[in-house]
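Data first, discussion second: the structure below is written as structure tokens.
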Amino acid sequence: MLCLATATATAYALGSAARPAQHAPHAQFRAAPPRAAVAAAEEEVDVVVIGSGLGGLSCAGLLASRGLSVAVLEAHYEIGGCAHEFAINLDGKPVPTSAVEKSGEPVFKFEAGPSLYSGLSQAASPNPLKHIYQMIGEEPEWITYDTWGAHLPECPEGYELSIGAENFMEILRRYGGPTAIDDWNRLADELMPLTKGVTALPSTAVRGDAGVLLTLAAKYPKAFIDVIANAQKITAPFNLTKYGVQDAFLTNYLDLIAFLLQGLPSNGTLTAVMAFMVDEFYKPDAVMDFPKGGSGQIAAALARGVTKHAGCSVRTSTPVDQILVEEGRATGVRTKGGRTLRARKAVVSNADLHNTFGLVPRGAHSGFDDERDALLAPAAPVYYDDAGAGVAAGGVGAPLCKSFMHLHLGVKADALPADLPPQWTVVQSWDVPIDAPGNVVVVSVPSLLDPDLAPEGHHVIHAYCAGSEPFSVWEKFDSKEYRNDPEYLKLKEERAAPMWDAIKRRAPDVEAGVVVRQVGTPLTHARFLRRHRGNYGLALAAGGPLEFPKVTTPLPGLYRCGDSTTAGIGVPAVASSGAQCANALLSVWEQLEMNEKIRM
């Protein structure tokens, strides 16, 4: 189901390709010194990419495949950004992946972010990440499964069914009201025609210039015309009432899926995404995918797409301190170690919006400052965000989704029941906002799919609350000393309680087998993932006053990708942003040659 974000990427991109960029922070930095003053310590490549998130690695791999020299600079010692994997040994100590590969030490491999993937194992797919893999010639090996568990307010004891159309209808029959199936069929009849164009157009082929007529219109004419003809409908905010949906269970279930996909309820989602979701529910033989070796293999395959080319590199533990701006153009970066890396063609930021603006000194470029002031003004109100005073003041800047809570457990296998599904979701209540803290918990046990993710006789469990934890609760601990603060440690336990509850719905004796235990908070996100206020991404509701920033910026030579651009949150969306960023740096003919490898 995560490939539903494909629709977001295509719809937003096509809806805005013909419009001029909207230009809309913070840190104060010194201006870059003259070129001659740093020449002795310089290195030069065609493109510098800041951050090794999936968007940055996708962009880098595509550019490297076209012969550009690319350097990806990652602050963390692991690659992958919000989707990275980290290893903990049996003593509870972190071990870098590079050290595990050399020593073979038994470790628990934990996901820092997503755990649900689809549209990746088949040869032809609308998933943008699949397209990236096809274009760079690297890919993980995929494990498939079709079972999903859920504990909803209507069935707190839980159910476990295969995914796909017939089983979804069974869910509606069991838990929906008398109009649930009729409502669903009516909704499907209205939305299915809108999916034809969106699902046939690869968002990875979108360009922000007239070249899109060659990369999309000429290559996929029927689908392109269909999307253009329905553009007003597919880019409109989704409205369940408009489509006659009355059943409370169906309404709540669609809200849940939309929230899991992009951090907003269904009425903040593009109609294109909801139409795509309907199409996904009706697909026969639907499966979920998981990378053999763990979620870290998703980023590892993208990194291979970079490093296999001469003159290209992915460098960990290399934080960037400043983007250099000279004569009105981004010309390179300076690392925190004082090294200067020049970029002949471009600097690409895969950092979040706030940190990207923070890397450019105020005053370096007036247009970039204007965009900074517009997007980073006090946040506009949206649903149940954590903007605080910004909302109260009627803010107009880009709002943020809230942050995460994580619970990572290394557990003895004999403490878990034999019939656990690899994934299940718990919803505590429909009577509170879907993003209320602790209300929705996703639990993943990926070692049930790949036993190599844990030492022999053990399993890994990852429970998380995505986009629902307010940073304000943790803000007072935001200092270097917080990790050992007794009050902070107590708060961690309190806020982790819903995740323990979600795990115990299926594994009531889990605590007896715990060997390794870690709780992640919004401060963990802010520190290790370099996310402003630990945010999950921009909370830009469909039909709102702001659009996602484009991959281009007002500052010549500076580009961006990731969940602060194009289509926002989600693995497919950020992969698409990376491709669109690469497309902006390549000629139409270079892009067309790349796109020949895409299989829809």
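Throughout, residue positions are numbered sequentially from 1 according to the sequence presented. For the numbers below, each heavy atom of this structure counts, side chains included, while hydrogens, waters and symmetry mates do not. From a predicted model like this one, the values you see are computed outputs, not experimental measurements.
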Do the ring centers of [X] and [Y] come within less than 6.0 Å of each other?
X: Tyr77; Y: Phe528; answer: no
X: His462; Y: Tyr464; answer: yes
X: Trp184; Y: Phe168; answer: yes
X: Phe357; Y: Phe368; answer: yes

Would you say that [X] contacts [Y] through its side chain, given a criterion of any heavy-atom pair below 4.5 Å between the two side chains?
X: Glu596; Y: Lys219; result: yes
X: Val347; Y: Ile50; result: yes
X: Pro422; Y: Trp148; result: no
X: Leu240; Y: Ser266; result: yes
X: Asn350; Y: Arg560; result: no
X: Trp142; Y: Pro291; result: yes
X: Met594; Y: Asn583; result: yes
X: Pro202; Y: Leu216; result: yes

Give me the atom names and distance for the closest heavy-atom approach of [X] to [Y].
X: Pro128; Y: Ala575; value: C-CB, 4.2 Å
X: Ser587; Y: Glu590; value: N-OE1, 2.8 Å
X: Ser69; Y: Cys312; value: CA-SG, 3.9 Å
X: Asn127; Y: Gly119; value: CB-O, 3.3 Å
X: Val360; Y: Ala364; value: CG1-CB, 4.2 Å
X: Ala398; Y: Leu353; value: CB-CD2, 4.5 Å

Tell me whether [X] contacts the main-chain N or O of [Y] through its side chain, where contact means a donor paired with an acceptor under 3.5 Å.
X: Ser52; Y: Ile79; answer: no
X: Lys402; Y: Asp435; answer: yes
X: Glu85; Y: Ser295; answer: yes
X: Gln580; Y: Ser203; answer: yes
X: Asp450; Y: Gly293; answer: yes
X: Thr195; Y: Thr199; answer: no
X: Asp352; Y: His532; answer: yes
X: Asn355; Y: Arg530; answer: yes
X: His309; Y: Val306; answer: no
X: Ser125; Y: Gln122; answer: no

NZ/NE/NH1/NH2 to OD/OE distance under 4.0 Å, Asp46 and Arg344: yes
Does either side chain, that of [X] or that of [Y], offer a donor lying less than 3.5 Å from an acceptor on the other one?
X: Ser98; Y: Glu101; result: no
X: Thr316; Y: Glu74; result: no
X: Arg329; Y: Thr331; result: no
X: Thr144; Y: Asp289; result: no

How many angstroms lie between atom [atom1] of [X] and atom [atom2] of [Y], to the nearest 0.5 angstrom?
X: Tyr559; Y: Thr356; atom1: OH; atom2: OG1; result: 15.0 Å
X: Leu191; Y: Phe238; atom1: CG; atom2: CZ; result: 5.5 Å
X: Glu593; Y: Ser65; atom1: CD; atom2: OG; result: 8.5 Å
X: Gln134; Y: Thr204; atom1: CD; atom2: OG1; result: 8.5 Å
X: Ser58; Y: Ile136; atom1: OG; atom2: CD1; result: 7.0 Å
X: His131; Y: Leu120; atom1: NE2; atom2: CG; result: 10.0 Å

Parallel, tilted or perpendicular: ring planes of Phe404 versus His525, cut at 30 and 60 degrees: parallel
Glu139: which of Arg304, Gln297, Lys130 passes side chain to side chain donor-acceptor pair (under 3.5 Å): Lys130
Worked verdict on Asn535 versus Cys401 for side-chain contact (heavy atoms from CB on, under 4.5 Å): CA-CA 6 Å; Asn535 77 87; Cys401 288; 5.9 Å; no
Steps toward side-chain contact (heavy atoms from CB on, under 4.5 Å) verdict (Met135, Asn595): CA-CA 7 Å; Met135 289 188 281; Asn595 293 168; 3.4 Å; yes
Option from Asn230, Leu270, Asp226, Ile234 for which side chain to side chain contact (heavy atoms under 4.5 Å, CB included) with Val198 holds: Ile234
Residues Leu129, Leu302; criterion side-chain contact (heavy atoms from CB on, under 4.5 Å); working and verdict: CA-CA 10 Å; Leu129 181 59; Leu302 294 173; 4.2 Å; yes
side-chain contact (heavy atoms from CB on, under 4.5 Å) between Asp255 and Phe259, intermediate numbers included: CA-CA 6 Å; Asp255 271 351; Phe259 176 67; over 6 Å; no
Heavy atoms from other residues, nucleotides or ligands near NZ of Lys308 exceed 12 (cutoff 6.0 Å): yes
Sole residue of Glu326, Glu43, Glu44 in salt bridge (Lys or Arg N to Asp or Glu O under 4.0 Å) with Arg342: Glu326
